[in-house]
Amino acid sequence: MPELPEVETVRRRLLTCLPGLLLRDVVVNDPKVSDLCEAELRATLTGRRVTGLRRRGKYLLVDLGPTEAPAAEPTGPAAGRYAGLAVAVIHLRMTGQLVFRPEPGERPARFVWRLEPGTELYFQDVRRFGRLWAFEPAAEDDFFAARGMGPEPFGPEFTLAYLRGALAGRRAPLKAFLLDQRRIAGVGNIYADEALFRARLHPLRAAGSVGPREAQRLHAALLETLQAGIDHEGSSIESFIDPAGERGSFQEILSVYQRTGEPCRACGTTVERTVVGGRGTHYCPRCQPRRGGMAPGSRRRLGSVAPPRSAKPADWEAPGR
DNA sequence: AGTGGCTCCTGGCGGC
DNA sequence: TGCCGCCAGGAGCCAC
């Protein structure tokens, strides 16, 4: 399922071929993909050239230049065209894929972008959770503000001090905290589980019980785990493929996610599964002990539970020391 | 305000 | 073999 590393992988791949192309037409096969109807999307987006690709959390943003060609269907009441620039925002949600060539036999794309010269970008999305928005650049801040988007993990705002402040006083489990896009943008189920493993923190620990050194481990683990995901071009679990149809490889080095019943790669203990906030949650009960955190009398030296060294994959490390 | 639960949606899977 | 019911999960929405 596309999280920050998967969306970043899509962005980077599209960056090699989309900018400069003219968006000639938008075809909507599934009206539920957008609050805007096909005519509105055409009026807003077509006749413009792709000028850039950005990412905000798990959202992919396609920047479009000023109109320079007639819209595909410039009639009707919906044809109020912006004079200036436009932004298309895409969220892949669970199964969304942007591909240049649909697989033979695949159901019709939820929407298609016809580009010049001679390219078509298909939005395939089996579970139909993905969404498309379109607006003027001036509306972008409101769009994300309305969603209360938290800081980008790789941005300047996501400091250790920020994380400690965000954790403070929260009774919610760490896992739920990490999935909350208002706290940190872009972390989903896979990378939350993997980051908690790397930080040696139990997913059910109350966020507010995390101590300073633990917060430091979590901060580092989040950045390292997300970066590893980007370096491996995402996790191809379920259905993630990039626009060229390539699969990522991060799933091959997962430590705990969907490894229930298998031995922990660090200590050999059986990986367990529980449900937190309605989400399947995977962890190693030995590497991620459920300690009392700040509770009186429960203070132990952090690091006293360092997992024994054992065989581990070449390009992945045991949870941070 | 913060938190938990429900909803959307479909392919895949287990059980009978 | 075939059918039914359940599950996964991101994020918006609602209730407490």
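Heavy-atom basis, side chains included; hydrogens, waters and symmetry copies ignored. Quick caveat: nothing in here was measured; it's all calculated off a predicted structure. Residue numbers begin at 1 in each chain, while the letters A, B, ... track the order of the sequences.
For the ring-ring contact (aromatic ring centres under 6.0 Å, His included) with H91(A), the qualifying choice from F144(A), Y59(A), F123(A) is Y59(A), the only one to do so.
Residues R107(A) and R171(A) each lie close to DNA chain B; by heavy-atom proximity, the contact nearer the 5' end of the strand is made by R171(A). Annotation: of the two residues near DNA chain C, Q181(A) and V275(A), the 5′-most nearest-nucleotide partner is V275(A).
As a whole-Å value, the separation of R273(A) CZ from dG9(C) C1' is 11 Å. We find that CD of E6(A) is positioned 14 Å from C1' of dG9(C), with the value rounded to whole Å. Rounded to an integer number of Å, the gap from CH2 of W133(A) to P of dG10(C) is 14 Å. Spacing between atom CG of L174(A) and atom C1' of dT3(B) amounts to 15 Å, rounded to whole angstrom units. Atom-to-atom, CG of L179(A) to P of dT3(B) comes out at 14 Å; the value is rounded to the nearest Å. The CG atom of L132(A) sits 17 Å away from the C1' atom of dG10(C) (whole-angstrom rounding). Atom CG of L167(A) is separated from atom P of dT3(B) by 11 Å (rounded to the nearest Å). The distance from atom CE of M149(A) to atom P of dA11(C) is 8 Å, rounded to the nearest whole Å.
Cation-pi geometry between R259(A) and Y257(A) is not met: the NZ or CZ atom fails to fall both under 6.0 Å from the ring centre and inside 45° of the normal. Cation-pi contact between R147(A) and W133(A): present, with separation from the ring centre below 6.0 Å and deviation from the ring axis of at most 45°.
An OP1 or OP2 oxygen of dG10(C) is reached within less than 4.0 angstrom by no side-chain nitrogen or oxygen of Y191(A). Taking side-chain N and O atoms only, H91(A) has no distance below 4.0 Å to OP1 or OP2 of dG10(C). Checking the phosphate oxygens (OP1, OP2) of dA11(C), no side-chain nitrogen or oxygen of R131(A) falls inside 4.0 Å.
F177(A) comes within 4.0 angstrom of nothing in the nucleic acid, heavy atoms only. Among the atoms of the strands shown, none is found under 4.0 Å from any heavy atom of R110(A).
No side-chain heavy atom of V187(A) sits under 4.5 Å from any side-chain heavy atom of K58(A). Counting heavy atoms from C-beta outward, K32(A) and R110(A) have side chains that approach closer than 4.5 Å.
Between E8(A) and R13(A), none of the side-chain N atoms (NZ, or NE/NH1/NH2) sits under 4.0 Å from a carboxylate O, so this pair counts as no salt bridge. At a threshold of 4.0 Å, the pair E224(A)-R198(A) counts as salt-bridged, since one of the basic side-chain nitrogens sits closer than that to a carboxylate oxygen.
When each of dG12(C), dG9(C), dA11(C) is scored by its nearest atom to the side-chain atoms of Q258(A), the top-ranked nucleotide is dG9(C).
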Quick one: which protein N/O atoms are closer than 3.5 Å to N/O atoms of nucleotides 7-9 of chain B? Pair and distance per line, please.
from   : atom 1 : to      : atom 2 : distance (Å)
dC9(B) : OP1    : K32(A)  : NZ     : 2.0
dC9(B) : O3'    : R128(A) : NH1    : 3.4

Nucleotides 3-6 of chain C: which of its N/O atoms have a protein N/O under 3.5 Å away?
none

Which donor-acceptor pairs under 3.5 Å do the side chains of residues 163-178 of chain A make with protein atoms, sequence neighbours left out?
from    : atom 1 : to      : atom 2 : distance (Å)
R170(A) : NH1    : A166(A) : O      : 2.6
K175(A) : NZ     : N189(A) : OD1    : 2.7
K175(A) : NZ     : D193(A) : OD1    : 2.7
K175(A) : NZ     : G280(A) : O      : 3.2
K175(A) : NZ     : T281(A) : OG1    : 2.8

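Ring to ring, F143(A) and F135(A) are close: their centroids are under 6.0 angstrom apart.
Using a 4.5 Å cut-off between side-chain heavy atoms of Ile, Leu, Val, Met, Phe, Trp and Tyr, with links allowed through other members, V7(A) and L15(A) fall into the same hydrophobic cluster.
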